[in-house]
Trainee: 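Okay, here's the structure, questions in a sec.
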Amino acid sequence: MSVEAIQVLKGMRDLLPEQTAWWQRMERELAGVLDRFGYQELRTPLLEPTALFKRSIGEATDIVEKEMYTFQDLDGSSVTLRPEGTASAVRAYLENFTWKKEPISRWYYLGTMFRHEKPQKGRYRMFSQVGAELLGAAEPAADVELIDLAVECVRAVGLSEATLELNSLGCPACRPAYRERLVAYLRVQRSALCEPCQRRLETNPLRVLDCKVEGCQKVAEEAPRILDFLGPECLSHLEAVRAGLESMGHAYRLNHRMVRGLDYYSRTTFELLTGGLGAQSAVAGGGRYDGLVAQLGGPEIPAVGFAAGLDRILLRLAELREPPQGPPIIFVASQGEAGWRAALPLVQRLRRAGHKVLSDVRAGSLKAQLKRADKDRARLVLVLGEEEIQAGAVSVKDMAAPEGAQDKQVRCALADLDRLLGEKLGGVK
RNA sequence: GUGAAUGUAGCUCAAUUGGCAGAGCGCCGGACUGUGGAUCCGGUUGUUGUGGGUUCGAUUCCCAUCAUUCACCCCA
């Protein structure tokens, strides 16, 4: 008799209307900023060949090793739900020969990503990111534009408190020397490191630097710094980026221990951090990835990009911002069959004129309809009862006006309604 | 993947040593038969997450399981 209830998959969730209103506002604000920077939207498939992510993100990363939704397609090939957006963007960039059509591409994407992680606050298996990529420029000006864009995106949605952290990971010319020195140093300190870090020492030594275990932090503080190993070109690149940020008034912290999780980064990396999210304080991150395009089979095209976690940002916004407000609502209340039939064309006319118009489809007393209007936060209620129909008029009730005000409710000829509404709503639709 | 905490009405939470499952909010209706909000009155909602076990009796104790949350890990 009773069937087992089907429920959402772990780490996934429904966004009910109360939530989607927040999402829609945030997405609108983001699209506005991106458009003002000249970035255009790119939409790519959610499903890609598994090899795309293995080759771009890096075989040895956690994402590729254990967090991808990978399965066999019906033809036997291996496909994966995208765990991030840059790989697909670069694939699309190459597949469409974009670099032959334009020297610089400014693209953004906004959509769903999938990672099979253990869910917790601000971390879901299906989550949304907005990301931007600037392809075709190696100049520091590109890094500065992109970081500025990331900051403006986060600010525009209402997270002005976010702080910026900056680092440089060097390039293939200077990083190996640093890596070697770091490993040598860490080997000596090995016994002071936590167990996972002792493993990382071999697989991904840079990651030891941002381990949160106290012992490891002590070791990391004394560790050789990447910034001291940058070659002259990487160093001047970093200085130029810093100068650019400073001239725009962007405060930042140089964090030589910030390491990014994806293999493809070089030179500039950055993160935007915010409070209130526990361990998930990074709301946006990105950097330069000059080698990636070539790594995926294209020409040597330099690029910078960033991605911001929208679920995470929204979680914080709900603590900082007022809920979004829609346009003013006009509620049409009618009485009886005749009232209903008179209301229908009125409702239609108002909606076609651009108003947001609600009415109750359930039969009910006028009182019940007024209650409904109040619950719907209607600004005006148009009453169509027998008297109004007789007179070819409509009563307009201002729900916000105080009881007893002379214009609380006015009778108005149908022909004169548009003018009155314009007055009442102050030209706002 | 590892560790811990929590699951009672739509929501927030009570329920004494193990003894009839409750309140507030919300929702619906009435007081006011053509008028919302405030107030008052009334009504509505449960396999106490699920499955076992102990017991005369389990929301309470035990085991398992699922879900959620937090932290680790990782990352946006």
Side-chain angles (χ1 to χ4, degrees), chain A residues 1-2 4-5 7-13 16 18 57 61-67 83-86 110 112-131 150 153-154 159 162 194-197 199-200 204 207 210-213 258-262 270-274 277-286 305-316 331 333-336 339 360 362 364-389 395-403 408-409:
Chain A
M1 165 72 188
S2 91
E4 200 172 323
Q7 45 189 353
V8 285
L9 261 18
K10 185 197 280 282
M12 314 209 173
R13 64 223 165 107
L16 298 176
E18 198 185 341
I57 299 170
T61 58
D62 280 12
I63 293 176
V64 169
E65 272 184 359
K66 50 197 189 201
E67 294 177 358
E84 59 109 37
T86 299
L110 194 161
T112 306
M113 314 290 162
F114 301 83
R115 289 184 201 170
H116 196 103
E117 299 181 277
K118 185 138 176 176
Q120 68 184 70
K121 186 176 191 178
R123 189 174 77 183
Y124 309 98
R125 288 185 175 179
M126 175 173 161
F127 60 103
S128 285
Q129 285 187 338
V130 64
C153 279
V154 168
L159 254 193
C194 68
E195 195 256 322
C197 277
R199 251 196 334 272
R200 285 191 194 107
N204 196 347
R207 291 229 71 92
D210 73 344
C211 180
K212 289 167 192 108
V213 175
M258 184 181 75
V259 177
R260 309 279 314 145
L262 287 59
F270 67 95
E271 280 184 358
L272 287 170
L273 309 173
T274 189
L277 292 172
Q280 318 301 323
S281 62
V283 294
F306 86 93
L310 299 182
D311 308 77
R312 214 167 263 190
I313 288 174
L314 207 59
L315 227 42
R316 187 65 183 137
F331 193 100
S334 64
Q335 199 180 30
D360 202 336
R362 297 169 302 181
S365 65
L366 209 50
K367 181 193 188 70
Q369 293 180 65
L370 263 294
K371 279 191 170 181
R372 187 71 257 157
D374 186 53
K375 288 280 181 286
D376 290 339
R377 317 192 74 119
R379 178 84 162 278
L380 299 174
V381 175
L382 309 188
V383 180
L384 272 173
E386 281 168 32
E387 292 173 26
E388 284 85 356
I389 291 170
S395 292
V396 178
K397 180 165 191 168
D398 186 337
M399 298 294 274
E403 199 60 61
K408 174 75 181 164
Q409 182 166 333

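In what follows, chains carry the letters A, B, and so on, assigned in the order in which the sequence lines appear, proteins first and then strands, with residues in each chain numbered from 1. None of these values were measured; they are calculated from a predicted model.
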Trainee: Distance from A:L380 atom CG to A:F331 atom CZ, nearest 0.5 Å?
Mentor: 12.5 Å
Trainee: Under 4.0 angstrom, heavy atoms only, what part of the nucleic acid is A:A373 near: base, sugar-phosphate, or nothing?
Mentor: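 If one applies the 4.0 Å heavy-atom cut-off, A:A373 turns out to touch nothing in the nucleic acid.
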Trainee: What closest approach, in Å, do A:Q129 and A:A307 show between heavy atoms, and which atom pair accounts for it?
Mentor: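 What the structure gives for the nearest pair is OE1-CB, 3.7 Å.
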Trainee: To the nearest 0.5 Å, tell me how far A:R316 CZ sits from A:R312 CZ.
Mentor: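 If we round to the nearest 0.5 Å, A:R316:CZ and A:R312:CZ are 13.5 Å apart.
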Trainee: On a whole-Å scale, what distance lies between the C1' atoms belonging to B:rU6 and B:rU65?
Mentor: 16 Å
Trainee: Give A:E271 one of three labels, base, sugar-phosphate or nothing, depending on what nucleic acid heavy atoms sit under 4.0 Å from its own.
Mentor: nothing
Trainee: Find the distance A:Q7:CD to B:rU68:P and express it as a whole number of Å.
Mentor: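 My rounded result for the distance is 7 Å.
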Trainee: Think A:K371 has a side-chain N or O under 4.0 angstrom from the OP1 or OP2 of B:rG29?
Mentor: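 It does not, given that no N or O in the side chain of A:K371 lies less than 4.0 Å from OP1 or OP2 of B:rG29.
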Trainee: Grab the CD-C1' distance between A:E84 and B:rC74 for me, whole Å please.
Mentor: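 One finds 15 Å between C1' of B:rC74 and CD of A:E84, rounded.
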Trainee: Using purine N1 to pyrimidine N3 plus N6-O4 or O6-N4 for Watson-Crick, or N1-O2 and O6-N3 for G-U wobble, both under 3.5 Å, which nucleotide pairs with B:rG10?
Mentor: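 Paired with B:rG10, as far as the under-3.5 Å criterion goes, is B:rC25.
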Trainee: What distance, rounded to whole Å, do you find between the two P atoms, one in B:rC72 and one in B:rU39?
Mentor: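 Nearest-Å result for B:rC72 against B:rU39 at atom P: 45 Å.
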Trainee: Would you mind classifying the nucleic acid contact of A:V283 as base, sugar-phosphate or nothing, using non-hydrogen atoms under 4.0 angstrom?
Mentor: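 Touches sugar-phosphate only.
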Trainee: If you only use heavy atoms from C-beta on, which nucleotide in B:rA76, B:rG34, B:rG29 is closest to the side chain of A:L366?
Mentor: B:rG34
Trainee: How far does the C1' atom of B:rU16 sit from the matching atom of B:rC74, given to the nearest Å?
Mentor: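 It works out to 46 Å between them.
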Trainee: Using a heavy-atom cut-off of under 4.0 Å over every strand shown, decide if A:E386 touches base, sugar-phosphate, or nothing.
Mentor: base
Trainee: Give a yes/no on whether any side-chain N or O of A:Q120 is located under 4.0 angstrom from OP1 or OP2 of B:rA71.
Mentor: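 Checking A:Q120 against B:rA71: at least one side-chain N or O falls below 4.0 Å of OP1 or OP2.
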Trainee: Indicate, yes or no, whether a donor-acceptor pair under 3.5 Å links the base of B:rU33 to the side chain of A:K367.
Mentor: no
Trainee: Test for a donor-acceptor pair under 3.5 Å between the base of B:rC74 and the side chain of A:R123, counting only N and O atoms.
Mentor: yes
Trainee: Taking the minimum atom-to-atom distance to the side chain of A:D374, which one of B:rC28, B:rC74, B:rG37 wins?
Mentor: B:rG37
Trainee: Go nucleotide by nucleotide along RNA chain B from the 5' end; which of A:S395 and A:R362 gets its closest nucleotide reached first?
Mentor: A:R362
Trainee: Roughly, in whole Å, what's the span from CD in A:Q335 to P in B:rU33?
Mentor: 12 Å
Trainee: What is the base-pairing partner of B:rG57, counting Watson-Crick and G-U wobble geometry with both distances under 3.5 Å?
Mentor: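 Its partner: none found.
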Trainee: Please enumerate all residues that pass side chain to side chain donor-acceptor pair (under 3.5 Å) together with A:D360, with sequence neighbours excluded.
Mentor: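 A:R362.
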Trainee: How is A:G131 classified with respect to the nucleic acid when contacts are heavy atoms under 4.0 Å: base, sugar-phosphate, or nothing?
Mentor: nothing
Trainee: What integer distance in Å separates A:L315:CG from B:rC75:P?
Mentor: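 Rounding to the nearest Å, CG of A:L315 and P of B:rC75 are 20 Å apart.
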Trainee: With a non-hydrogen cut-off below 4.0 angstrom, is A:F331 in contact with a base, only sugar-phosphate, or nothing?
Mentor: nothing
Trainee: Quick check: any donor-acceptor pair below 3.5 Å linking the side-chain of A:R312 to the base of B:rC75?
Mentor: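 Counting by modelled atom types and ignoring angles, a donor-acceptor contact under 3.5 Å is found here.
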Trainee: Between the base of B:rU35 and the side chain of A:Q409, is one N or O donor paired with an acceptor at under 3.5 angstrom?
Mentor: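 Yes, the side chain and the base share a sub-3.5 Å donor-acceptor pair.
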Trainee: Output the rounded distance in Å from CE (A:M258) to C1' (B:rC75).
Mentor: 13 Å
Trainee: Carefully, step by step, assess A:R13 and A:D311 under the rule salt bridge (charged side-chain N to carboxylate O under 4.0 Å, His left out).
Mentor: CA-CA 11 Å; A:R13 64 223 165 107; A:D311 308 77; 2.4 Å; yes
Trainee: Using purine N1 to pyrimidine N3 plus N6-O4 or O6-N4 for Watson-Crick, or N1-O2 and O6-N3 for G-U wobble, both under 3.5 Å, which nucleotide pairs with B:rA64?
Mentor: B:rU50
Trainee: For A:F306 versus A:C153, what's the shortest heavy-atom pair and its separation?
Mentor: CZ-SG, 4.2 Å
Trainee: Looking only at the side chain of A:A368 (C-beta and beyond, no hydrogens), which of the listed nucleotides B:rA76, B:rG29, B:rG3 gets closest?
Mentor: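 The nucleotide sitting nearest to the side chain is B:rG29.
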Trainee: Across the strands shown, which category fits A:K375 at heavy-atom distances under 4.0 angstrom: base, sugar-phosphate, nothing?
Mentor: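 Answer is sugar-phosphate: A:K375 comes under 4.0 Å of backbone atoms only.
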Trainee: Considering only the C1' atoms, how many Å lie between B:rU45 and B:rU8, rounded to the nearest integer?
Mentor: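 Here B:rU45 and B:rU8 have their C1' atoms 13 Å from each other.
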Trainee: Expressed in angstrom and rounded to an integer, what is the separation of A:K10 atom NZ from B:rU69 atom C1'?
Mentor: 11 Å
Trainee: For B:rU33, which nucleotide in any strand shown is its Watson-Crick or wobble partner with both distances under 3.5 Å?
Mentor: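 Its partner is none (no Watson-Crick or G-U wobble pair with both distances under 3.5 Å).
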Trainee: Reckon A:K121 touches a base, only the sugar-phosphate, or nothing at all at heavy-atom distances under 4.0 Å?
Mentor: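 The residue A:K121 makes sugar-phosphate contact but no base contact.
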Trainee: Would you mind pulling out the nucleotide paired to B:rC75, Watson-Crick or G-U wobble, both distances under 3.5 Å?
Mentor: none
Trainee: Got more than 12 heavy atoms from elsewhere within 6.0 Å of CD, A:Q120?
Mentor: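 Yes, because the 6.0 Å sphere around CD of A:Q120 holds more than 12 heavy atoms from other groups.
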Trainee: Using the C1' atom in both, what is the distance from B:rG22 to B:rU59, to the nearest Å?
Mentor: 12 Å
Trainee: Determine the Euclidean distance between corresponding P atoms of B:rU50 and B:rG7; express it in Å to zero decimal places.
Mentor: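 Between the two P atoms, the distance is 14 Å.
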Trainee: Distance between the C1' atoms of B:rG43 and B:rC25, in whole angstroms?
Mentor: 16 Å
Trainee: Would you indicate, yes or no, if B:rC75 has its OP1 or OP2 atom less than 4.0 angstrom from a side-chain nitrogen or oxygen of A:R207?
Mentor: yes
Trainee: For nucleotides B:rC66 and B:rG52, find the distance between their C1' atoms and express it as a whole number of Å.
Mentor: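 Approximately 14 Å lies between the C1' atom of B:rC66 and that of B:rG52.
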Trainee: In Å, rounded to the nearest 0.5 Å, how long is the span from CD of A:Q335 to CD of A:E387?
Mentor: 8.5 Å
Trainee: Establish whether the base of B:rG34 is bridged to the side chain of A:E388 by a donor-acceptor pair shorter than 3.5 Å.
Mentor: yes
Trainee: Please report, rounded to the nearest Å, how far the P atom of B:rU35 is from the CG atom of A:D360.
Mentor: 17 Å
Trainee: For A:K397, answer base if it contacts any base atom (sugar-phosphate contacts may also be present), sugar-phosphate if it contacts only those atoms, and nothing otherwise; contact means non-hydrogen atoms under 4.0 Å.
Mentor: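 Here A:K397 touches the bases of the nucleic acid.
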